[in-house]
Amino acid sequence: IHFRTLGYNRSLGRPDYNQIAPISVLSRDGSDAELFIGNPELEARVSDSFDVSVEWYFSELSVLSIAGFYKDMADFIVSRTENFPDYDYNGETFENFDLVTLENASDAELTGVELRFDHQFDNLHGFLGGLGFQISLAWIDSELDVQGRDDDLPLVGQPDWTRTYALTYQNKRFDAFLTYNQTSEYLSSIEGSPATDLYIDDYERMDLKASYGLTERMRLFLEWQNILDGPTREYQQHPDQNTQWEEYGWTLYFGANVTL
């Protein structure tokens, strides 16, 4: 059993140039429009992170680990969107007009635990000798303080839990990874009020990656993305109040890598 002592890290995250540039960018979609305005007053984000983990290597190729982490962030940068129906802008009237700006949140915190199990069946022989699996489970609690809001907000884009299950295979020439991911709902955009904030509903995804070494210099590969063709659902306040439904279908890549 390996115990890693408490780790600490302080980092500084400066805003991107397009976030602090005093510019405005208008995006159109038929009778709808979105106006983004940069904020030159944005401050750099400062993060203090703590983590600790315990790992148990019960065989040469297998490990069970648990990790805990905490992050405290000051001046976390958030995007704010305000919607104006039937809005006049530069002589044009838009049915839906979104004004998007950026600001520094007062404070943000992130606390979580991750459990991971990697195992390869070294007791199997022949073709099955390269078989293995990976399991990763994470639980995250986040809090965000935003000016003008007295309700409890999570971090934008941060789900409460994620689950990853993978079936793996590796030998001298061939390797394959079949991965299944589950993600809980999360806040995607902070709007004018809790009733209009946007959330992405929980979703699942499966991907396959495989490659085969045809020669020492050539390797064939295949990548099949979004096998389950699951939709992405956006809603306000309650999952029944759907605002957007997207389906992208699956994508298949295949080809060869050649080393000269």
Side-chain angles (χ1 to χ4, degrees), residues 1-13 44-78 105-125 128-145 152-172 174-188 199-211 225 227-228 230:
I1 296 178
H2 298 266
F3 175 76
R4 191 171 67 186
T5 57
L6 181 68
Y8 168 75
N9 177 63
R10 165 165 279 206
S11 61
L12 182 71
R45 183 196 73 245
V46 179
S47 301
D48 293 297
S49 303
F50 303 85
D51 66 271
V52 64
S53 68
V54 177
E55 301 170 342
W56 176 35
Y57 292 88
F58 54 92
S59 73
E60 185 177 352
L61 300 175
S62 301
V63 59
L64 176 64
S65 64
I66 183 171
F69 51 90
Y70 170 78
K71 180 179 289 188
D72 180 62
M73 292 166 279
D75 291 321
F76 188 79
I77 298 173
V78 296
S106 300
D107 194 14
E109 292 184 353
L110 184 72
T111 307
V113 176
E114 181 181 15
L115 180 64
R116 185 179 179 90
F117 183 29
D118 294 357
H119 181 64
Q120 188 159 350
F121 296 98
D122 50 7
N123 57 334
L124 299 179
H125 303 286
L128 296 177
L131 194 63
F133 66 86
Q134 299 172 355
I135 299 175
S136 177
L137 310 173
W139 298 268
I140 305 101
D141 179 63
S142 62
E143 296 180 4
L144 179 64
D145 294 330
D152 295 329
L153 284 170
L155 282 176
V156 176
Q158 180 60 65
D160 288 337
W161 54 261
T162 62
R163 302 166 184 160
T164 301
Y165 309 92
L167 187 63
T168 66
Y169 183 83
Q170 291 178 292
N171 65 16
K172 292 182 179 180
F174 178 73
D175 60 67
F177 301 87
L178 179 64
T179 307
Y180 174 67
N181 294 289
Q182 293 178 306
T183 302
S184 70
E185 63 183 18
Y186 61 86
L187 177 67
S188 63
Y199 288 82
I200 299 296
D201 204 0
D202 56 86
Y203 65 91
E204 58 183 2
R205 179 185 174 105
M206 181 178 289
D207 301 300
L208 173 66
K209 291 183 179 181
S211 66
Q225 298 178 350
I227 298 173
L228 300 177

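What you are looking at is a predicted structure, and each value in this text was computed from that prediction instead of being measured.
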Could you work out, with ring-ring contact (aromatic ring centres under 6.0 Å, His included) as the rule, every residue matching [X], not counting sequence neighbours?
X      : answer
Phe50  : Tyr8
Tyr169 : Phe127, Phe174
Tyr165 : none

For [X] versus [Y], what's the shortest heavy-atom pair and its separation?
X      : Y      : answer
Ala105 : Asp145 : CB-O, 3.1 Å
Ser65  : Leu115 : O-CD1, 3.4 Å
Met73  : Asp107 : O-OD1, 2.6 Å
Tyr199 : Ser188 : N-OG, 3.8 Å

Count the heavy atoms of every other residue, nucleotide or ligand shown that sit under 6.0 Å from OH of Tyr203, and state whether that count exceeds 12.
->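 Open.
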When you look at CG of Asp152, are more than 12 heavy atoms from neighbouring residues, nucleotides or ligands closer to it than 6.0 Å?
->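 No, the 6.0 Å shell around CG holds no more than 12 heavy atoms from other groups.
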Just jot down the side chain to side chain contact (heavy atoms under 4.5 Å, CB included) partners of Gln225, sequence neighbours excluded, or say none.
-> Arg205, Asp207, Glu223, Thr251, Tyr253
Set of side chain to side chain contact (heavy atoms under 4.5 Å, CB included) partners for Val113, sequence neighbours left out =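 Ile66.
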Working to the nearest 0.5 angstrom, can you tell me the gap between [X] [atom1] and [Y] [atom2]?
X      : Y      : atom1 : atom2 : answer
His119 : Leu64  : NE2   : CG    : 11.5 Å
Ser47  : Phe76  : OG    : CZ    : 8.0 Å
Ser142 : Leu110 : OG    : CG    : 6.0 Å
Tyr186 : Ile200 : OH    : CD1   : 4.5 Å
Ser62  : Phe117 : OG    : CZ    : 6.5 Å
Leu178 : Lys209 : CG    : NZ    : 12.5 Å

When Leu131 is tested against each of Thr168, Leu167, Asn171 for side-chain contact (heavy atoms from CB on, under 4.5 Å), which residue passes?
->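 Only one of Thr168, Leu167, Asn171 forms a side-chain contact (heavy atoms from CB on, under 4.5 Å) with Leu131, namely Leu167.
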Walk me through it: do Ser184 and Asp202 pass the test side chain to side chain donor-acceptor pair (under 3.5 Å)?
-> CA-CA 4 Å; Ser184 70; Asp202 56 86; over 6 Å; no
Could I get the full list of side chain to side chain donor-acceptor pair (under 3.5 Å) partners for [X], not counting sequence neighbours?
X      : value
Ser11  : none
Thr179 : none
Gln120 : none

Partners meeting salt bridge (charged side-chain N to carboxylate O under 4.0 Å, His left out) with [X] (sequence neighbours left out):
X      : answer
Asp118 : Arg116
Asp201 : Arg233
Asp72  : none

Is it true that the side chains of Thr164 and Asn181 contain a donor and an acceptor less than 3.5 Å apart?
->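 Yes.
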Which word best sums up how the rings of Phe58 and Trp56 line up, parallel for under 30°, tilted for 30 to 60°, or perpendicular for over 60°?
->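 Answer is tilted, since the angle falls between 30° and 60°.
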Going by atom type alone, with no hydrogens or angles, which donor-acceptor pairs under 3.5 Å involve a side-chain atom of residues 154-162 and a protein atom two or more places apart or on another chain?
none

